[in-house]
Amino acid sequence: MQMERIGNVMLWLGDSEKPGQAAFGNAPERSGELNEKQSEEVNCLREIIASYNEADYHEQITMHKNYTVMYQLAESRANIIEWLQFPENARVLETGAGCGTITSALLKKAVHVTCQEEHTGYCRLNALRHKHVKEQTLTVYAMPFSECEPQLAKDYDVVLASGIPDEKAKAQQFLEKLRALLKPDGMLVLAVENKFGLKYWAGNKEMHVHRYFAGLENAGIHLYSKNSLKKLLTEAGFCWQDFYYPYPDHRFALDIYSDAYLPKKGDLTYNIANYEDDRLILFDEQKVFDSIIEEEQFPLFSNSYLCIAGTDKIEVEPVLIQAEARAAMQKQTGGSPEHEPGPDGMQAAHNSDRQHGRIRQQTVYVRYATDRSRQFAVRTDITDGMVRKCPVYEEGNAHVMHIAKAYARLAQQYEDTDLRFNRCRVHTDKNGSAAAQFEFIHGEALQGYIERAIAAGQMNKVTDVLDKMVQYIRNGRKNVPFQMTADFKKVFGETAGQSVLDQTVCSEVSDIDLILPNILVTEDGAWNVIDYEWTFFFPIPQNFIIYRTLFFLHHENPQRKELSMENLQMAAGISMEEAEVYRQMEAGFQQYVTGGLMPYREMVNVLGRRYFNIAELEAEYDRVMAENELLKGRIFWKAARKIKKKLTGN
């Protein structure tokens, strides 16, 4: 092996270096020399990494409109492991590291990270990206795993793998080698596609061979189901396994569910995520997911798996809640992802694990809000019988600290009403990172209540809820006239409706996110606001808050005439002119939250990916055939037939 240094990073090159060879699952192609397009992509990646900080990558990704650039640089790819708890001073091995996006997150958690990646160009980019790390913090092996494996220590606390070989025998051998590199109480973190992921049934191509239904048919690639993966891990010597379910998949996870906290109907709405290729649309994935959830089969059809496994044979109570406790918790909370299950046994089980050195996780659900500017990017965890909101980046500390201030001001603003705000306290760790912690509340989300009422045709219940919401918003204390403050312009931008705003009634303190999913109703009938992240301390029209509540209700029920924006606004006494001003304010607010960056969920269109709706294609085919039938018997149709016969002899 040859060693070279890039900054403070040690880069080891294999004697039989093949610069264009790719690691499974992490490069544009699974193997083979770089073609012209791939060479251009590597050069583009090198230019970005050499010229920009990680905070600027999002803007560069949007500008270049290239999937490989997005995959290799998007920080949200690290969501799959960013939430995990590692032991202090952990030593971590990452296989298939690519250009180092997940490496960046690992370096914040571990005292030393070792990376392996076959693609030499990617390894150099990983080293270049992290050249300023402390010495002896990062080592990169640019070679196949089989070549560097004899050089690796056998004392890793965590081994991370994205994907495993296709052939079962090779996969088992690979997992056995990973197990041998772990400490006795270490853990394997394995992220893989699910053979039976719903997106493949629904019309997404298999991402490695770029063919429809390839994984389902074992055509050119062999993927693993949950059962086959569990068997493979057990045979490789991993005695315990905890499965998590990243959504929409493990590449750009927004939610991470577990067997202790599974999605409920209506949760899985982000299904057009075919960043890498075109796709078909064979059915409505949200409706099918809802049906799967109703039948309690979500783990079978999850698009990806994140498996955390270990070899420690000591028998302790599982960390995750048992099915009975989960069912009781979801019945009490309405399955709201903003609420922790509050299992009494979970902390005790975790403490037991700690006593034995085991690193099993306490968290049972994670939600990321990372399609925002870095100062607003947060992660919400359900763990330890509580809910936590944590900043994803250091820049977000002030935003999280603001939530506690918002609680104090809102509680005072609405103290004369029976609208309650979920108690919040902020804690700061030894590194200065803040976390907002919330009380556990049993209750049902208003969103679920409204959906059931709509399905049953009980629109009077919907009207009653909306009337009560409007009353709450308009009955807060300290109403003030509108003022065009500097803070207002910063958050909502310049609007063309100054004269309209001057006539509005405002609140001194405003939670503009009083939408139905953020309110739980407890057994005593009280309304509890569980998320008030977007609270501001300057005059904002009360009708704007009402407008947003109505807008999101309409957005979830676009086909219901009774819930059209025109009807909802009329019932709330909001004029069309006023609504136009609020529409502009909402656009300004979204610009403020995202920092002007395009959310990754919208990159499908920027990347030029197409999706073909089979039902629409069938209708178009029928239309063309019908037009052809109308042409029959007409002179020009007969003339065309004669010309065709002369040319072809048929």
Can you tell me if [X] has over 12 outside heavy atoms packed within less than 6.0 Å of its [atom1]?
{"X": "E394", "atom1": "CD", "result": "no"}
{"X": "K154", "atom1": "NZ", "result": "yes"}
{"X": "N53", "atom1": "CG", "result": "no"}

Output yes when a side-chain donor or acceptor of [X] lies under 3.5 Å from a complementary backbone atom of [Y], and no otherwise.
{"X": "N204", "Y": "R279", "result": "no"}
{"X": "T363", "Y": "Y365", "result": "no"}
{"X": "S258", "Y": "V364", "result": "yes"}
{"X": "T594", "Y": "Q590", "result": "yes"}
{"X": "K205", "Y": "D278", "result": "no"}
{"X": "Q361", "Y": "Q85", "result": "yes"}
{"X": "N303", "Y": "P246", "result": "no"}
{"X": "D255", "Y": "R367", "result": "no"}
{"X": "N8", "Y": "V133", "result": "yes"}
{"X": "N274", "Y": "Y611", "result": "no"}

Could you tell me whether R388 and D381 have a side-chain N and a carboxylate O separated by less than 4.0 Å?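 Salt bridge: no.
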
Test log, rule side-chain contact (heavy atoms from CB on, under 4.5 Å), inputs M10 and R5: CA-CA 5 Å; M10 285 194 300; R5 278 188 173 274; 3.9 Å; yes

Taking atom types as modelled, find out whether [X] and [Y] have a side-chain donor-acceptor pair closer than 3.5 angstrom.
{"X": "H112", "Y": "T139", "answer": "yes"}
{"X": "Y52", "Y": "E59", "answer": "no"}
{"X": "D259", "Y": "Y245", "answer": "yes"}
{"X": "E117", "Y": "N126", "answer": "no"}
{"X": "Y156", "Y": "T114", "answer": "yes"}
{"X": "E94", "Y": "T103", "answer": "yes"}

Just so I know, are the side chains of [X] and [Y] near enough to count as touching, which here means a heavy-atom distance under 4.5 Å?
{"X": "V392", "Y": "Y368", "answer": "yes"}
{"X": "L73", "Y": "I49", "answer": "yes"}
{"X": "P391", "Y": "S433", "answer": "yes"}
{"X": "M187", "Y": "F86", "answer": "yes"}

Ring centres under 6.0 Å, that's the criterion: do H402 and W534 meet it?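 No, the ring centres sit 6.0 Å or more apart.
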
Provide the closest heavy-atom pair for [X] versus [Y] in the form atom of the first, atom of the second, distance.
{"X": "T62", "Y": "K65", "value": "O-CG, 3.2 Å"}
{"X": "H250", "Y": "A191", "value": "CD2-CB, 3.9 Å"}
{"X": "D157", "Y": "A90", "value": "OD2-CA, 3.4 Å"}
{"X": "K195", "Y": "G215", "value": "NZ-O, 3.1 Å"}
{"X": "Y224", "Y": "P165", "value": "OH-O, 3.1 Å"}

side-chain contact (heavy atoms from CB on, under 4.5 Å) between L268 and L198, worked out: CA-CA 12 Å; L268 308 182; L198 186 65; over 6 Å; no

Could you pull out all residues at least two apart from E176 that satisfy side-chain contact (heavy atoms from CB on, under 4.5 Å)?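 Counting only residues at least two positions away or on another chain, E176 forms a side-chain contact (heavy atoms from CB on, under 4.5 Å) with Q172, A236.
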
Not counting sequence neighbours, which residues clear ring-ring contact (aromatic ring centres under 6.0 Å, His included) with [X]? List them please.
{"X": "Y57", "result": "none"}
{"X": "F252", "result": "Y275"}
{"X": "Y393", "result": "none"}
{"X": "F196", "result": "none"}

With side chain to side chain donor-acceptor pair (under 3.5 Å) as the criterion, how do N43 and R46 come out once you've worked through the C-alpha distance, each side chain's angles and the decisive distance to 0.1 Å? CA-CA 5 Å; N43 290 333; R46 183 181 297 110; 2.8 Å; yes

Just to verify, which of K108, R77, R129, R374 counts as forming a salt bridge (Lys or Arg N to Asp or Glu O under 4.0 Å) with E54?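 Result: among K108, R77, R129, R374, R129 is the only option passing the salt bridge (Lys or Arg N to Asp or Glu O under 4.0 Å) with E54.
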
Residues that Y247 engages under side-chain hydrogen bond (donor to acceptor under 3.5 Å, both in side chains), provided they are two or more places apart: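 For Y247 the side-chain hydrogen bond (donor to acceptor under 3.5 Å, both in side chains) partners, ignoring immediate neighbours, are N271.
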
Determine, for F243 and K226, whether the Lys NZ or Arg CZ falls below 6.0 Å from the six-membered ring centre while staying within 45 degrees of the axis.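 Here K226 passes the 6.0 Å and 45° test against F243.
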
Please walk me through it: do Q136 and K134 pass side-chain contact (heavy atoms from CB on, under 4.5 Å)? CA-CA 6 Å; Q136 301 182 342; K134 293 180 181 179; over 6 Å; no

Evaluation steps, ring-ring contact (aromatic ring centres under 6.0 Å, His included), between Y244 and Y305: CA-CA 6 Å; Y244 294 82; Y305 295 126; over 10 Å; no

Step by step, would you call F298 with D267 a side-chain contact (heavy atoms from CB on, under 4.5 Å)? CA-CA 12 Å; F298 174 73; D267 280 349; over 6 Å; no

Parallel, tilted or perpendicular: which describes the rings of Y592 and F376, with under 30° parallel and over 60° perpendicular?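 Plane angle between 30° and 60°, so tilted.
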
Hey, mind stepping through E276 and K199 against salt bridge (charged side-chain N to carboxylate O under 4.0 Å, His left out) and telling me if it holds? CA-CA 13 Å; E276 70 284 351; K199 70 177 185 179; 5.2 Å; no

